[in-house]
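Below is one structure, written out as structure tokens, with a few remarks after it.
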Number of protein chains: 2
Amino acid sequence: VIAPLVGVLGGMGPAATSDFYATLIRRTPAIRDQDHLRVVIWADPSVPDRVGAVLDGSSDPYPAMLAGARALCGLGVTIAAMPCHTAHVFLPRLIADTGLEFVDMVRETARVLGGRPNSGPVGLLATRGTLRSGLYQRRLGAVGLATVTPDEDTQRQVDRAIASVKSAQLAEARQAVECAVCRLAEAGAHSVVLACTELPVVLRGPTAPHPSALGPTAPHPSALELPSVIDPTELLADAVIRRYRAAR
Amino acid sequence: VIAPLVGVLGGMGPAATSDFYATLIRRTPAIRDQDHLRVVIWADPSVPDRVGAVLDGSSDPYPAMLAGARALCGLGVTIAAMPCHTAHVFLPRLIADTGLEFVDMVRETARVLGGRPNSGPVGLLATRGTLRSGLYQRRLGAVGLATVTPDEDTQRQVDRAIASVKSAQLAEARQAVECAVCRLAEAGAHSVVLACTELPVVLRGPTAPHPSALGPTAPHPSALELPSVIDPTELLADAVIRRYRAAR
């Protein structure tokens, strides 16, 4: 049996990668160092813009992503994770080119939501690239769930919230994300997926409660019941931990 | 010019490594992903106990550390960091065996403290291994600073606080660390070094203010002026960022 080694293809962006690693540690049952997972993180934030690549082909992140995946391969990684939703557009190609066993975060989120009663319609907070790619719409559609996406005004707020994580300005971002969750609820969402790994960072921010605690504290102007907020970063971490323990 | 690549020899322990990476990101001036540092993190928490190795030779972490450092070497790392003070006992051997350009966290902390007016005597909160090794006592002595170490009762609290980070039980640990800072102040320390990378994690914990904000909020039974708390994790991050920017 080869000792498992988790490989993280990260840096897209760095704060999201750091948040994924912290989540992996927090959710691993452990009382000493040696109970934790062996992890190697390739965090190259110089990877060209993923969103532009999907929207209009104005950039090509793939060669840099492939170089990172090959570095992980060379280190003997047995379970791989990529905490960036937009980059999942390139996942099939990356798997084909490297043979790395990636846990697919979009598939995992759809699997979990598909197994819950009353999950849909599902609101999507994501980059324009992720939304345009249809990745979530297809995966959720396959488990019988309809999706709700933000109107242009709300999407602009989501874009700004994502950018604010990359420049470490979290204070304003939190209100924007909470507001976007409410808008999607008004548009019929029963649950909302934080389908960009920068978004859970906003809600976990320095003084923020855990995302799962969002419901009761978020401001909501109407009498709507607030949707449950789904954090794919946690679902990805849990799936990696399960696979690691199964392989050991 | 080779593009710089930061290598982190981590996992000792995982939460400290995650905290170092988060600190590196937080302290890098950036408005977009591409402004951040290229980083690769080797986080192997299965490295045998460093403290036992120093205290009585009951474990040998060196082969696992060397394997990690060689993995970083093979990836083209140009600047290396190891966010574990006790492991710094092995740093000269690691540098000799790999040629990696490590930023020495103990040396960096001594340099910064040596340049400040009224830094000493310097209190040390660390593992028993770090204290026994004399690493800090020698480096600080070389810049003319005396050191103060905890009494047995306080050291037991420090040991427990460090262990609590490794098992993600932060609530009690905070009070223990604050209490230990006070004890060292009573024993004459003007400043206190958090000379174990798990300790800043305690003070940065979920609801905790930043370590630098500790002073005014820490409970102190006497009328003593509280010492300034020095966080070598931040000093290591700042030194890595400076070297990276100089190399680019």
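So that the names make sense, note that chain A is the first sequence line, chain B the second, and so on, each numbered from 1. Remember, it's a predicted structure, so these values are computed and weren't measured experimentally.
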With a 4.5 angstrom heavy-atom cut-off, is it the side chain or the backbone of [X] that approaches chain B, or both, or neither?
| X | value |
| --- | --- |
| A/Val8 | neither |
| A/Leu5 | side chain |
| A/Arg50 | side chain |
| A/Ile31 | both |

Write down the atom of B/Pro14, the atom of A/Ile25, and the distance for their closest heavy-atom approach. O-CD1, 3.3 Å
Student check: side-chain heavy atoms of A/Thr17 and B/Tyr21 closer than 4.5 Å: yes
Any side-chain heavy-atom pair from B/Leu75 and A/Leu75 closer than 4.5 angstrom? yes
With a 4.5 angstrom heavy-atom cut-off, could you sort out which part of B/Val47 is near chain A: side chain, backbone, both or neither? backbone
Could you tell me whether the side chain of A/Gln34 and the main chain of B/Pro48 form a donor-acceptor pair under 3.5 Å? no
Choice from B/Met12, B/Arg38, B/Arg32 maximising heavy atom contacts with chain A below 4.5 Å: B/Arg38
Within this structure, what is the CD1-OG distance for the pair A/Ile41 and B/Ser18, rounded to the nearest 0.5 Å? 7.5 Å
